[in-house]
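Have a look at the structure below before the remarks.
Both counts, for ligands and for their atoms, begin at 1 and track the order of listing. Heavy-atom basis, side chains included; hydrogens, waters and symmetry copies ignored.
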Amino acid sequence: MGTPSTLLWKLDPHTKAKHAILSEYLKAWFQIVGKTHSKLIFIDGFAGPGRYSEGEPGSPLIALDIAKKANISSKILFQFVEEDKNRFKYLKNELNNLKIPPSFDISIENESFSNILSSTQDYLERNHGAPIFAFIDPFGFKGIPFNLIKNLLSYQKCEIFINFMIDSTNRFLEHPEKVIRCYIYELLGSSDVSSIIESDNRIAALQRAYEERLKSVAKFVLPFEMRNKKDRTQFFLFFASNHRLGHIKMKEAMWRIDKDGEFSFSDASYGQQSLFRDFNLEQKIRGLLSEIIQNFATQTVPCKSVETFVEDKTIFLKSHLKNALKIAEEEAKISVEALKSDGKKRIKNTFPGDTIIKFC
Ligand SMILES: C[S@@+](CC[C@H](N)C(=O)[O-])C[C@H]1O[C@@H](n2cnc3c(N)ncnc32)[C@H](O)[C@@H]1O
């Protein structure tokens, strides 16, 4: 689907998948940060009208509903930004029809995301220390300069979830009009795009380039690929955060949407059951084991160290680690100390954090 020009538009399967990841993550985010902070900030930089053509809720209504159900006492500041006048009005009306808890402070702006973000710098400074979640969901590549992303991520507890429109970025990369190319240079934070242009796989090169840019300002970065009904890559959702728990929770959300662990969703195969799901997962677990062995070869370490490696440096979860270690022990790729640190015997096929593992 091209960029919709209508007030509302149809909800694609991949947009449903995007909302499912956002919802899964926000359920965890509001609960976790709400327990320890009296103020939270949710920014929806490209908010849309709040509804799709068949009445389904858009991201602002989804976020508000999840925040309500989280039932936390923190004050939550919601900042919704929508540049289009008619969509802004529609969203405003939708929000007026909602019952808003007194602890919610909602601001809705008919402006461009970049203007709002530049002018709210003071406000964010004043609320320094409040966790921020910024959802940045444009139709294209215009108006999301990397400098703004860098600025946002410089806030101690800010996480971003951004839709990187890779297909249109690729198609317009060599556009004859300089102003168009400049939007892309701003987005990438660099005008040096020659290696992307010359690459055999420009989509992969663009993905790498943006991922590297994000990694230069955030400790944890996760990409999730979205394909359209022709099975062509349309955009990547990137999550960027400096918090390991946020990273783990987003991985869990992504695994829930793509149980094959490819971190990819395609409208083309929407609704079809993958015949190879179990096979894929076993192959994936073997891939994880190779990564672990490569990292820990010949070392003797507590299981906790392997757990931290898996959670911080791979796309896998703690639950996958147990299966990988089971295979490793069966195939004598590791030996596991029979006694735990408390002197008690270790139960077979369990790997508590203090278990000592020797890698061959
Ligand atoms: C992909 S839609 C957002 C969908 C919405 N986030 C959701 O998930 O329901 C992008 C929206 O951003 C608006 N928009 C376009 N350029 C913008 C800008 N520079 N700043 C803010 N909003 C913009 C468009 O009018 C459109 O409604």
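A salt bridge does not link Glu311 to Lys318: none of the charged side-chain nitrogens sits closer than 4.0 Å to a carboxylate oxygen. Of the charged side-chain nitrogens involved, none lies within less than 4.0 Å of a carboxylate oxygen, so that Glu337 and Arg346 do not count as a salt-bridged pair.
In summary, the atoms of ligand 1 found under 4.0 Å from a heavy atom of Gly58, numbered by their order in the structure, are 9 (O). Ligand-side atoms of ligand 1 in range of Ala47: 5 (C), 6 (N), range being under 4.0 angstrom from any heavy atom. Near Asp84, meaning under 4.0 Å from one of its heavy atoms, ligand 1 places the atoms 25 (O). Heavy-atom proximity to Tyr52, at under 4.0 Å, picks out these atoms of ligand 1: 4 (C), 7 (C), 8 (O), 9 (O). Each of the atoms 20 (N), 21 (C) of ligand 1 lies under 4.0 Å from some heavy atom of Glu111.
Close N/O approach between Lys142 and ligand 1 is not found [any backbone or side-chain N/O within under 3.5 Å]. An N or O contact shorter than 3.5 Å links Asp137 to ligand 1 by distance. Of the polar atoms of Lys18, none of the N or O atoms is found under 3.5 Å from an N or O of ligand 1, judged by distance alone. At least one N/O-N/O distance between His19 and ligand 1 falls below 3.5 Å.
In this structure, Thr120 contributes its side chain and Ile116 its backbone to a donor-acceptor pair below 3.5 Å.
The heavy atom nearest to atom 24 (C) of ligand 1, considering only Glu82, Met165, Glu56, is found in Glu82.
Atom 21 (C) of ligand 1 has Gly45 O, 3.3 Å as its closest protein atom, hydrogens excluded (heavy atom only). Among all protein heavy atoms, the one lying closest to atom 20 (N) of ligand 1 is Phe113 N, 2.9 Å. Nearest protein heavy-atom neighbour of atom 18 (C) of ligand 1: Phe46 CE2, 3.3 Å.
In this structure, His19 and Ile21 have side chains that are not in contact, with every pair of non-hydrogen atoms separated by 4.5 Å or more. Between Arg202 and Leu173 the shortest side-chain heavy-atom distance falls below 4.5 Å. Within the 4.5 Å cutoff, the side chain of Ser154 has no heavy atoms near those of the Val217 side chain.
In this structure, Trp9 counts as a contact residue of ligand 1, since one of its heavy atoms falls inside 4.0 Å of the ligand. Using a 4.0 Å cutoff on heavy atoms, Gly48 counts as a contact of ligand 1.
In the model, Asn228 has no side-chain atom that pairs as donor or acceptor with a side-chain atom of Asp267 under 3.5 Å.
Under 4.0 Å from ligand 1, not a single heavy atom of Ser114 appears. Contact annotation for Glu83 and ligand 1: heavy atoms of both the backbone and the side chain come within less than 4.0 Å of the ligand.
In this structure, Phe172 and Arg181 approach most closely via the heavy-atom pair O-CG, 4.4 Å. Nearest heavy atoms, Lys68 versus Phe104: N-CZ, 3.7 Å.
For the ring-ring contact (aromatic ring centres under 6.0 Å, His included) test with Trp255, the passing option among Phe224, Phe316, Tyr25 is Phe316; the others fail.
The neighbour count for Arg171 CZ, taken as heavy atoms of other residues, nucleotides or ligands under 6.0 Å away, is above 12.
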